[in-house]
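This report refers to the structure that appears directly beneath it.
Note on naming: letters A, B, ... go to the chains in the order of the sequence lines (proteins, then strands), and numbering restarts at 1 for each one. Here the structure is a predicted model, which is why all the values come from computation and not from measurement.
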Amino acid sequence: MSRNILVCVAWPYVNSEPHLGHIAGMNVPADIFARYHRLAGNRVAMVSGSDMHGTPTALRAVDEGVKPEDIAFRYHDVWSDCMQRMGFAYDLYTHTHTKIHEEVAQDVMLTLDKHGFIYEDTQLMPYSETEDRFLSDRFVEGICPACGFDGARGDQCDGCGRTLDPSDLINIRSIRDGSTPVFRETTHLMIKLSAFQEQLEKWVRTKNDWRPNVRNQTLGFLNEGLHDRAMTRDIEWGVPIPFEGYDKKRIYVWFEAVIGYFSATKAWAIESGREDDWKEFWHDPDAESYYFQGKDNIPFHTVLWPAMLMGYGGLNLPTDVVANEYLNLDGQGFSSSRNWAVWLPDYLERYDVDPLRYYLASIMPESSDSDFTWEGYLAANNNVLVATLGNFVHRTLTITTRNFDHKVPVPGELAPQDQSVLDACEQTLDDVANSIETRHFRRALYEAMELARVGNRYLDAEEPWRTVKSESDKAAKTLWTALNVISTLRTVFYPFIPFSCDKMHDLLGFDGATATDGWQKRVVEPGSSLPSPKPLFRKLDPEIVEQEHERLLAQQSDN
RNA sequence: GGCGAUGUAGCUCAGCAGGUUAGAGCGAGCGCUUCAUAAGCGCUAGGUCACAAGUUCGAGUCUUGUCAUCGCCA
């Protein structure tokens, strides 16, 4: 029976281009998951977009002296383009500066208010008299009272890492013009998170299949007791607030960005011409929803967003929040500001997509931080993709086309060793499916590659290049079987390296497309014709490792 | 400071309802093979399972403490 699967991917701040650290733990696993489920015959909606209203975007605009929307749209376009080129098959990749998002976010706010979960609260905030506006915490800096670091922000000190309040800062000043702000009272809307405490605890305790850090961190967070939280702030970049007296304030971005999952599903339904389709994913109690995140985002998706959904009423809570750890680069965290990054647009200019998708999936930070290295990338490409998978496909097709006149051999009755290889295909389909279902992506990838090894061992044992000369019947069985292994590889690898699988599809002379052949071994038709084989992957020159290292260093000194 | 996760062969990771000589892939060494992008297949080497104490007949596997890394909260 077909299931409804909503795949939600974290919304990136658009204050820089995407780098590999951004996509490794979120877009890559989400796309694997979504592609698998589509193949398995389930109804999938994969949505995300750019978080346009993040403070970093507004800050960058200040730095460059332009409007926040200039920054936001500039990088949204880059992200959008990269998502597409990477083959991340979103049903909709949108952004939060849209009419529908504004409407949905405001509706959520109004509904929470109607249900009694919102109240007003007054607090003291820094106010710039020169600019006649409040300064939110990231717009002020000063000396950290704890460590004396000059340049601590209103929310945190970069010197000692301590969390701060603007009123803690010594010699507080505006980062916009350096003037000294005064503290004035300002009124904000608060959400009663405390009202959801018990309901959330009960819900999380049922989630035994969540990853340990997600579940335990959430329980720990709840254990400390939920504090009500401001959902508006004094800033002019963001979604307007549908209440009297709030025209100079905006919805706090944490509150509004998570609503993007919901508004984007609605937007997708409208754009696809079936306005009510979003209900299949948000109202149907059997629908499943999976949220792919970085580890820094866990409480937002396991506590705050579910609380909002509970308060709104009638909408599905997350089935799982699949949070990954971080990807590092040569042992150090990716950093946009230090320019320590492999930027995606830059990568795409010089290399192919699938080797990156493959390598990132193979080192996916599922249980701990992992490390991208160009040595590792080279090894994954040359020693595994080319040598194991590419070579198996290519050697099989080469022997077959040369000796059987570009036709699929007619196998006749199979021998036991042939049958056991076909059984291994079925087993691999089951194993990979099960691993992806349970969100073990590295294991799934390993299991898929294991089938290519089975194929290589099988060819070595059967030696079709030899039997084809003396026992043509036997060679026909071997090669037909091996072609069916390729057909299976095409399917089980499709979630990971779709472009290469489409090539395999063509090399087998198949009509239609891998994407519509289902999660099954499509039997290769005896007697059908085969095109001339071409290698699936390019072997890379080991020199790229040194070149890329130099490139990284050069880009740092440019900085 | 509190909480959470992680720490197993050179690298990336399995193993963890406690139980014979701790596993895989890549890398390394040796051998076989030649259909294949000098690819494949087989064999071998290599680990005080972060450290310390404890529970147990027996502990990477449970308990406690320490250290390190990352994240969250204060």
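Nucleotide B:A28: paired with B:U44 (Watson-Crick or G-U wobble, both distances less than 3.5 Å). B:A39: no Watson-Crick or G-U partner with both key distances under 3.5 Å is found in any strand. The partner of B:G1 is B:C73, by the rule that a Watson-Crick or G-U pair needs both atom distances under 3.5 Å. The pairing partner recorded for B:G19 is B:C57, the criterion being a Watson-Crick or G-U wobble arrangement whose two distances lie under 3.5 angstrom. With a 3.5 Å ceiling on both atom-pair distances, the Watson-Crick or G-U wobble partner of B:U6 is B:A68.
Taking atom P in both B:G46 and B:A9, the straight-line distance is 15 Å, to the nearest Å. A distance of about 16 Å separates the C1' atoms of B:U21 and B:C49, rounded to the whole Å. As rounded to the nearest Å, B:C26 and B:C51 have P atoms that lie 28 Å from one another. Nucleotides B:C13 and B:G60 place their C1' atoms 14 Å apart, quoted to the nearest Å. Comparing the same atom, P, in B:C70 and in B:G54 gives a spacing of 32 Å after rounding to whole Å. A gap of 14 Å separates the P atoms of B:G7 and B:C11, to the nearest Å. When the P atom is compared between B:G27 and B:C41, the two are found 11 Å apart, to the nearest whole Å. Remark: the separation of the C1' atoms in B:G4 and B:G47 is 29 Å, to the nearest Å.
If you measure from atom CG of A:Asn324 to atom C1' of B:C70, you get 14 Å, rounded to the nearest angstrom. Between A:Asn456 atom CG and B:C35 atom P the separation is 15 Å, expressed in whole Å. A straight line from CZ of A:Arg457 to C1' of B:A36 spans 17 Å, rounded to a whole angstrom. Atom CG of A:Asp369 and atom P of B:U12 are 12 Å apart (whole Å). Atom CG in A:Leu389 sits roughly 16 Å away from atom P in B:A39 (whole-Å rounding). Summarising the geometry, the separation between CD on A:Glu447 and P on B:U12 is reported as 21 Å, rounded to the nearest angstrom. A straight line from CG of A:Asn391 to C1' of B:C26 spans 16 Å, rounded to a whole angstrom. One can place CG of A:Leu304 at 14 Å from P of B:C72, the figure rounded to the nearest angstrom.
A:Phe496 does not carry A:Arg357 over the face of its six-membered ring by the limits of under 6.0 Å from the centre and within 45° of the normal. Cation-pi contact between A:Arg439 and A:Trp210: absent, since separation from the ring centre below 6.0 Å together with deviation from the ring axis within 45° is not met. The cationic group of A:Arg522 lies under 6.0 Å from the six-membered ring centre of A:Phe510 and within 45° of the ring axis, placing it in a cation-pi geometry.
Against the 90° criterion about 0, the sugar-base torsion of B:G60 places it in the syn range.
For A:Leu536, the side-chain atoms get nearest to B:U37 when compared with the rest of B:A36, B:C72, B:U37. Closest contact between the side chain of A:Lys295 and the listed nucleotides B:C70, B:U34, B:G4 involves B:C70. Closest to the side chain of A:Phe537, out of B:C41, B:U37, B:C26, is B:U37. Looking at the side chain of A:Asp460, the nearest of the listed nucleotides B:C13, B:C35, B:C26 is B:C35. The side chain of A:Asn383 sits closest to B:G27 out of B:U12, B:A39, B:G27. Each of B:G25, B:C35, B:G71 was ranked by its minimum atom distance to the side chain of A:Gln217; first place goes to B:G71. The side chain of A:Tyr446 has B:A24 as its nearest neighbour among B:C70, B:C35, B:A24. Of the candidate nucleotides B:U12, B:U6, B:U37, B:U12 has the atom lying nearest to any side-chain atom of A:Asp371. In the set B:G40, B:U34, B:C26, B:U34 carries the atom at the smallest distance from any side-chain atom of A:Trp465. Out of B:C26, B:A5, B:C70, the shortest distance to the side chain of A:Asn213 is found at B:A5.
Residue A:Arg453 is in sugar-phosphate contact alone, with no base atom involved, counting any heavy-atom pair closer than 4.0 Å across all strands shown. Here A:Ser370 lies in heavy-atom contact (under 4.0 Å) with sugar-phosphate atoms only. Residue contacts for A:Arg402: at a heavy-atom cut-off of 4.0 Å it reaches the sugar-phosphate backbone alone, with no base atom in range. The residue A:Arg215 sits apart from the nucleic acid: no heavy atom pair falls under 4.0 Å. At the heavy-atom level, A:Thr396 lies nowhere under 4.0 Å from the strands shown.
Salt bridge present: A:Lys295 and A:Asp369 bring a charged side-chain N and a carboxylate O closer than 4.0 Å. Between A:Asp460 and A:Arg395, at least one side-chain N (NZ, or NE/NH1/NH2) sits under 4.0 Å from a carboxylate O, which counts as a salt bridge. Using a 4.0 Å cut-off between a side-chain N of Lys or Arg and a carboxylate O of Asp or Glu, A:Lys474 and A:Glu462 qualify as a salt bridge. Salt-bridge annotation for A:Asp320 and A:Lys207: absent, with no side-chain N of the basic residue lying under 4.0 Å from a carboxylate O of the acidic one.
At B:A39, none of the side-chain N or O atoms of A:Arg395 fall inside 4.0 Å of OP1 or OP2 (strictly under the cut-off). The side chain of A:Arg442 places no N or O atom within less than 4.0 Å of a non-bridging phosphate oxygen (OP1 or OP2) of B:U12.
Taking OG1 of A:Thr122 as the start and CE of A:Met125 as the end, the distance is 12.5 Å to the nearest 0.5 Å.
Nearest-nucleotide assignment on RNA chain B puts the 5′-proximal partner with A:Pro365, out of A:Pro365 and A:Asn382. Remark on RNA chain B: of its neighbouring residues A:Ser362 and A:Ala380, the 5'-side contact belongs to A:Ser362, judged by nearest-heavy-atom nucleotide.
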